[in-house]
Amino acid sequence: MACALENSMKKIFFNVQFNKTDHSRYMKKLNKLYDKTKLDVFWECFLSCLKVPLTMAQQHPRIINTLEFCAKFSMRFYSCAENETTESMSPFLNKLFTFLLSSHNAKDKAVRYRICHFLNMLLNSMGDNAFMDDSLCDQITVSMMDRLLDKSPKVRAQAVFALHRLQDPSDDECPIIRMYLFHLSKDPKAEVRRAVLATIGKNQRTLQAALKRTRDIDDSVRKMAYEFISKITVRSLTIEQRERLLKDGLKDRSESVKACVCKVLLPMWLRYYKGEYINLIHALDAGIGTETAALALQTLFTNADSKTLLEQVPVDKNTRLIPLTTLSNENVLYWKCVIDHFYQSSYMEELDLIIPELSGFCNYIREFIIFISSKQYEEWEKQCHKFILLQLFKIAEKYDLSDEVGRKNLQEVITDTLMSDHCSNEIIECTVCYLGKVVPNISSMLDLVANIISEIRLPLKASVPTQQVFEDQQNNEVQKAQLKVDLLELEEELYETVKKEDYLKADIIKEQIKIVKEKISQLSKVPEAIITDDIRDEKNDAVTMTKCLGILCAAMQVQSIRALTPTLRTMMSIVLDSLDHPDDNVHVLALKALGLYCILDKEMAKKHIMIFFYQFSAEQENPDIWIIALKGIFDLLLLYGLEYFQILQDSEDKVQKTRTLYTHEDSIVSLNNERSETEESSCNFVKILTGLLDNVNQELRTIAAEGLCKLLLNRRINSSNLVSRLIILCYNPANADDIYLRQCLCAFFDHFVVRVPDALEMLENAYFPTLRVLCNAPEISPLQEVDVYHVSRFILSLIRRSCQKSGEQTFYTQNNLAFDILAEILNPASNIDQETLIKSLTILHIKIEDDPSKENLLEAIEKVTDTIKDSDKRLLKYIREFKKSLETPSEAMEVDTSAQSEHEN
């Protein structure tokens, strides 16, 4: 009987693995076998068949089919009726769970994996309204939590799936949720983190954890995090979170992540707002997240119907404009984005439906300016008005400027706007840049800018009548009124006299009427205005100067300007005068304008470069001024080179003013051979700039590092000491949070070894000074935490890459370093850690062809061996490894070098 049962069951298990469509047929056969067989006998046969797929590690559809069949069959013994909650579990299921929970910790990881996998199948087969005995839930939880700590990531991932139906997101103390959150943030394997995001329940804690995973290092985890967030209503997120999610997602380096945001997250949010684009923009706060909102709309528009887009643009069909009273941040941004989309897609017919001709649009902007000037508004309302005005000018950029009348109107609108009180920095940059296209002639454009600045600084005063003039006019009006009454009475009397034919008296009345009329005529004359000269008071307040300098800087950055024009030279006085302005914002803009002048004129750069260095004097403590000055210095040094500014040789006393920024170390700096004559003066240059690498201001420190990296890459300076400083800066734990600085330095070293011919020499000279600084770091210094061997390995890997990229397999530098490192190990006065130096020997790839040098090297190795064999025997293996590398054939060495270089990258 048992034998026949076993054969029948094996046939069933064999057949169900091929196709799921046959499962129902074989399920009936297996049910019949169960009904006519004792439980224990059936269970033994069933278990022997089940163990086969539970021991298979490979992912094959036949294994999945078989396990799914077993899970479906097992669920025939499970009931989810509420009135059966008190009944005990069926004996078959009890045996099944007992077997699985007793086998979850098997030695074979394939078995552990399949146990978790099958448990997940069982729980998923129970239906949406399933319930389970508390004791069994606890047993499964304890067993699977053990598997969450399994050394195999695949087992941990399956344990995550097996537990997901037992979690309770509404319970703040749910142990499964706690374990999920731990693995989501700490598990080193992306597969496990991805499994957690796929299964974890949704609440505020899990949402915050998922938001952090949108910046995970693994692409698939980031994608899964966005999928998790897309299933949560957009109202559960703050405006800042929405804006950051879209900004990061739409600019992600992974195409799969970007596709998820474009095709899943954004459409889901739009559906939440019932397809209303303006409501979606409102959820992102157009005024704050303008760039993100525009990028989101641009993404959604690619698959949108143009008819739907047109229907939602709230323009009047007759005027093709949004009524001024209904203009808002959201609808004007949507209007602008739809226009951009139609313009880029060349949908000119659709574009004509939502935008009027240029002259009409210019009048619209004028009316808007009059509208917002009609009364006083709150500060937040003023900011909204400026945002709307900026979008209107961006819409104006899409017009064809071939219409001369329209172009003239646009020029007048831009001019009036720049002279109005509704001009933000963004509007200035937008309008002045566009002015270069509206007025193509550079001289005419700069003359117009100069006139605008002159009108802002020297407004014309309107002549105001005196109080006496007002009083005289009032008296005249009273007298005129009295005389007009008298005139009416005389004319009435004349009429009666003529009627009585008393002509003598009538002549007298006529003379009286004539006199009265003459008096009225004299009183009706407007008194001549007091003639005065046009008095213009020059405005020098912070608001005026900030605006004027902003306009000037924007004008000088128009692409077509390549040199200083006479108009620009005349405005130079404004810049120089503003350098002494008490307001720091004006000072910053003046330095920016001066830098632009110096970039456009070589002689002016030589004359005024010291002004930038003076900003670092002890009297000036504003970091914003330091930053703009530093940017100006680096721009000029990169453009002209250090050798051009020979004037600094005669300015030693001036350089002394900035000695407060010097560091405790003296940087030894030398230029390339062709610039050796400026070596002494440039030393002061670089010492001042390198001193800023230790500044407490993070932004200033980052700009200094970035600028010095550019000088090295462009061969403007040649300094091994500076290279050493940059390496230490990269590894300094104090800069761990400065992501931009670390990215900048990493990119620099990647290009440095490729682009700079002297990189090999500088790195070689920087090797020992860098290690000494780290080993001599004070106890309170964060450099104490740096792994010196890690730094040594990094420098040596750069040296090796520099050798490879040069196109020659030269080993001279590494040969020299091998001798120097051995000498340093044998030097009793050395303060560099011996272990670091000995382990670093194994990183070198040397090739010594002459026998005397090889004998000297082997002799030094023997001396090192004798020195350390009594003190630290564990280091002997590194010496033996290095000694063995001397005997490695050169061909094998080259292959190994290439492989290790790839590993270092």
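Side chains are part of it too, since the values below use all heavy atoms of this structure and drop only hydrogens, waters and symmetry mates.
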Centroid separation Tyr26 to Phe13 less than 6.0 Å: no
Glu240 CD: over 12 foreign heavy atoms closer than 6.0 Å: no
Parallel, tilted or perpendicular: rings of His117 and Tyr113 (30°, 60°): tilted
Between Asn19 and Thr21: side-chain donor-acceptor atoms closer than 3.5 Å: yes
Over 12 non-hydrogen atoms of neighbours within 6.0 angstrom of CZ in Phe18: yes
Pair Phe46 + Tyr34: ring centers closer than 6.0 Å: no
Polar side-chain atom of Asn735 near backbone of Asp738 as donor-acceptor pair, under 3.5 Å: no
Tyr343: partners by ring pair (Phe, Tyr, Trp, His ring centres under 6.0 Å), with sequence neighbours left out: none
Backbone N/O of Leu149 and side chain of Arg156: donor-acceptor pair under 3.5 Å: no
Beyond-backbone contact of Lys223 with Asp252, side-chain heavy atoms, under 4.5 angstrom: no
Working for side-chain contact (heavy atoms from CB on, under 4.5 Å), residues Tyr226 and Val221: CA-CA 9 Å; Tyr226 277 107; Val221 177; over 6 Å; no
Over all atoms of both residues, closest heavy-atom pair of Ala106 and Val111: CB-CG1, 3.8 Å
Over 12 foreign heavy atoms within 6.0 Å of NZ, Lys202: yes
Ser797 side chain vs Phe794 backbone, donor-acceptor pair below 3.5 Å: yes
Parallel, tilted or perpendicular: ring planes of Phe69 versus Phe73, cut at 30 and 60 degrees: parallel
Donor-acceptor under 3.5 Å (His104 side chain, Ile115 main chain): no
Smallest separation among heavy atoms of Cys116 and Ala162, with atom names: O-CB, 3.6 Å
Side-chain heavy-atom pair Lys884, Glu881 within 4.5 angstrom cut-off: no
Side chains of Leu100 and Ile140 in contact at under 4.5 Å (non-hydrogen atoms): no
Least distance between heavy atoms, Ser74 atom then Leu96 atom: OG-CD2, 3.3 Å
Exercise: do Asn124 and Asn120 side chains pair donor with acceptor under 3.5 Å: yes
Sub-4.5 Å side-chain heavy-atom contact between Ile239 and Ile288: no
Flag if over 12 foreign heavy atoms under 6.0 Å of OH, Tyr347: no
More than 12 heavy atoms of other groups within 6.0 Å of Asp305 CG: yes
Backbone of His164 reached by a side-chain donor or acceptor of Gln167 within 3.5 Å: yes
Whether over 12 other heavy atoms sit under 6.0 Å from Lys189 NZ: no
Donor-acceptor contact present, side-chain Arg62 to main-chain Gln17, <3.5 Å: no
Backbone of Phe342 reached by a side-chain donor or acceptor of Ser345 within 3.5 Å: no
Distance-only polar pair, side chains of Ser152 and Asp150, donor-acceptor under 3.5 Å: no
More than 12 heavy atoms of other groups within 6.0 Å of Glu291 CD: no
Any donor-acceptor N/O pair, Arg194 side chain to Met224 backbone, under 3.5 Å: no
Arg205 side chain near Arg178 side chain, heavy-atom distance below 4.5 Å: yes
Under 3.5 Å side-chain donor-acceptor pair for Arg222 and Thr214: no
Main-chain N/O of Phe99 paired to Ser102 side chain as donor or acceptor, under 3.5 Å: yes
4.5 Å side-chain heavy-atom contact, Leu163 and Leu119: no
Lys247 atom NZ, neighbour heavy-atom count above 12 within 6.0 Å: no
Contacts of Tyr180 that satisfy ring pair (Phe, Tyr, Trp, His ring centres under 6.0 Å) - sequence neighbours left out: none
Side-chain heavy atoms of Arg193 within contact of Ile217, under 4.5 Å: yes
Check: Gly275 main-chain N/O paired with Gln312 side-chain donor or acceptor under 3.5 Å: yes
Residues Glu243 and Thr292: side-chain donor-acceptor under 3.5 angstrom: yes
Ring center gap for His282 and Tyr273 short of 6.0 angstrom: no
Test item: side-chain donor near acceptor, Thr206 and Asn203, under 3.5 Å: yes
